[in-house]
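A short write-up of the structure that comes next.
If you're wondering where the values come from, they're calculated on a predicted model, not measured in any experiment. Lettering follows sequence order; numbering is per chain, from 1. Just so you know, these numbers use all the heavy atoms, side chains as well, and skip hydrogens, waters and symmetry mates.
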Number of protein chains: 2
Amino acid sequence: MSQLRQEIGLSEHLSAAGYRLTAPRRAVLQVLEEARTHLHPEEVLKRARLIYPGLGRATVYRTLALLTGLGLLRPIRLGGSPRLARVTEGHHHLVCLACGHSFSFEECLEGELEEELAQRFNFKIKGHLLEFYGLCADCRGE
Amino acid sequence: MSQLRQEIGLSEHLSAAGYRLTAPRRAVLQVLEEARTHLHPEEVLKRARLIYPGLGRATVYRTLALLTGLGLLRPIRLGGSPRLARVTEGHHHLVCLACGHSFSFEECLEGELEEELAQRFNFKIKGHLLEFYGLCADCRGE
DNA sequence: GCCTTAATTGAGACATCGTCTCAATTATAC
DNA sequence: GTATAATTGAGACGATGTCTCAATTAAGGC
């Protein structure tokens, strides 16, 4: 079953784009693919070093930049802290402006808008981000 | 005419919330209100120093954090660079993942979704951010 | 398998971005 | 005007991210 569900992974995208598949890169990609939350770049480094101990910080950032340029990843901020998200990810966030806490939701309305914008701006749209900002119950003191 | 259009400014919000209206703060607020683009925090500092020369960096960041906590401002990133946007701002962006260029558009679909999420999460929603990510024509080499 | 070669790497200096402390200043209520 | 607590700037500090350069290594041709 899990075999049948196999999708094209990040590494396939990388090598398809002409980049080498090195051990350091594999470690970073594996961490990203196994991550169940939005990781902090330093957290990616920490986790990837468990797989490939000699890994350098620069390599992590370089790999992240590569994936971003290919449209596979996007840098976001959750409560002031830098994070990484797959662009294909389906969910979005409510973010509290005071405490930075975030809550996820699934709804999404951008189908036709996406089409139209892609045409208007001659843009190859890879994904999108929808975030609502406001104050959570705790921070309103309720 | 311009008198009639006068809206409640950032400074009114600040003092209504119990914060003092000092000269350094006024300078920062004025810069934000006159800005026609999404400013980089360091650019806010630079411009505000033209109004109030002695202004310190910390004061700028403190004022920005204050406004963010009140739900009047939100930090965004455009092409990896930190920027500030009024939460009430009506427009959104297409951002190129490769070169960081951004394009604005006006369409917006989140009315009812906003309502529903506010209820579900007991959240006071102040604004939202919608960004599409992809590759612009130049970066696709077309 | 073994070269060749250009892409990739890690270390660590460096740059940028943002926060904190603390003594001095100042807006506001009285 | 005075008292008082909020606010300030300077500059150290911390966090985040970039760059250089010599050493290493993946991938293609043999």
Side-chain angles (χ1 to χ4, degrees), chain A residues 10-29 31 38-70 73-84 97-100, chain B residues 10-29 31 38-70 73-84 97-100:
Chain A
L10 294 175
S11 32
E12 284 78 5
H13 273 108
L14 258 200
S15 60
Y19 295 103
R20 288 190 189 167
L21 272 177
T22 64
R25 276 183 185 161
R26 279 181 212 275
V28 173
L29 299 179
V31 166
H38 302 290
L39 296 182
H40 191 286
E42 296 294 323
E43 179 67 20
V44 175
L45 174 60
K46 204 171 115 194
R47 294 190 187 190
R49 272 185 174 156
L50 298 178
I51 303 171
Y52 184 85
L55 184 66
R57 171 200 309 278
T59 298
V60 171
Y61 280 98
R62 280 187 288 232
T63 304
L64 298 177
L66 220 54
L67 295 170
T68 300
L70 289 174
L73 213 62
R74 61 182 154 77
I76 61 173
R77 289 190 93 79
L78 288 181
S81 166
R83 297 300 171 84
L84 300 161
L97 288 159
C99 68
Chain B
L10 294 175
S11 32
E12 283 78 4
H13 274 109
L14 259 199
S15 60
Y19 295 102
R20 289 188 188 167
L21 235 45
T22 64
R25 278 183 184 160
R26 279 181 212 274
V28 173
L29 300 179
V31 166
H38 302 290
L39 296 182
H40 190 288
E42 296 293 322
E43 178 67 20
V44 174
L45 174 60
K46 204 171 115 195
R47 293 190 187 190
R49 272 184 174 157
L50 299 178
I51 303 170
Y52 185 85
L55 184 65
R57 172 200 307 277
T59 298
V60 172
Y61 280 97
R62 281 188 287 233
T63 304
L64 297 177
L66 219 56
L67 294 170
T68 300
L70 289 173
L73 213 62
R74 61 181 154 76
I76 62 174
R77 291 190 91 78
L78 288 180
S81 166
R83 297 299 172 85
L84 301 162
L97 288 159
C99 68

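- Whole-Å rounding puts the B/L66 CG to C/dA27 P distance at 17 Å.
- For DNA chain D, the neighbouring residues in residues 19-26 of chain B, judged by any heavy atom under 4.0 Å, are B/Y19, B/R20, B/T22, B/P24, B/R25.
- Put simply, B/H40 has no side-chain N or O that comes within less than 4.0 Å of OP1 or OP2 on C/dT16.
- One finds a side-chain N or O of B/Y61 lying less than 4.0 angstrom from the OP1 or OP2 phosphate oxygen of C/dG18.
- Here C/dG18 presents its C1' atom at 15 Å from CD of A/E42, a figure rounded to the nearest Å.
- The nearest heavy atom of DNA chain C to A/G54 and to B/R62 marks one nucleotide each, and the one closer to the 5' end goes with A/G54.
- When atom types are taken as modelled, the side chain of B/R25 and the backbone of B/T63 share no donor-acceptor pair closer than 3.5 angstrom.
- The heavy-atom pair separating B/L64 from B/P41 by the smallest distance is CD1-CB, 4.3 Å.
- Between the CG atom of A/L45 and the P atom of D/dT16 there is a distance of 12 Å, rounded to whole Å.
- Rounding to whole angstrom units, CG of residue B/L55 and C1' of D/dA10 are separated by 12 Å.
- Distance from the side chain of A/R57 is smallest for D/dT18 among the nucleotides C/dC17, D/dT18, D/dT20.
- If you take CG of B/L14 and P of C/dA27, they are 15 Å apart, rounded to a whole angstrom.
- The residues A/E42 and A/K46 are annotated as not salt-bridged, no charged nitrogen and carboxylate oxygen being separated by less than 4.0 angstrom.
- The two residues B/H40 and B/R83 have their closest heavy-atom pair at N-CD, 3.5 Å.
- B/R49 places a side-chain N or O within donor-acceptor distance of the main-chain N or O of B/L55, the cut-off being under 3.5 Å.
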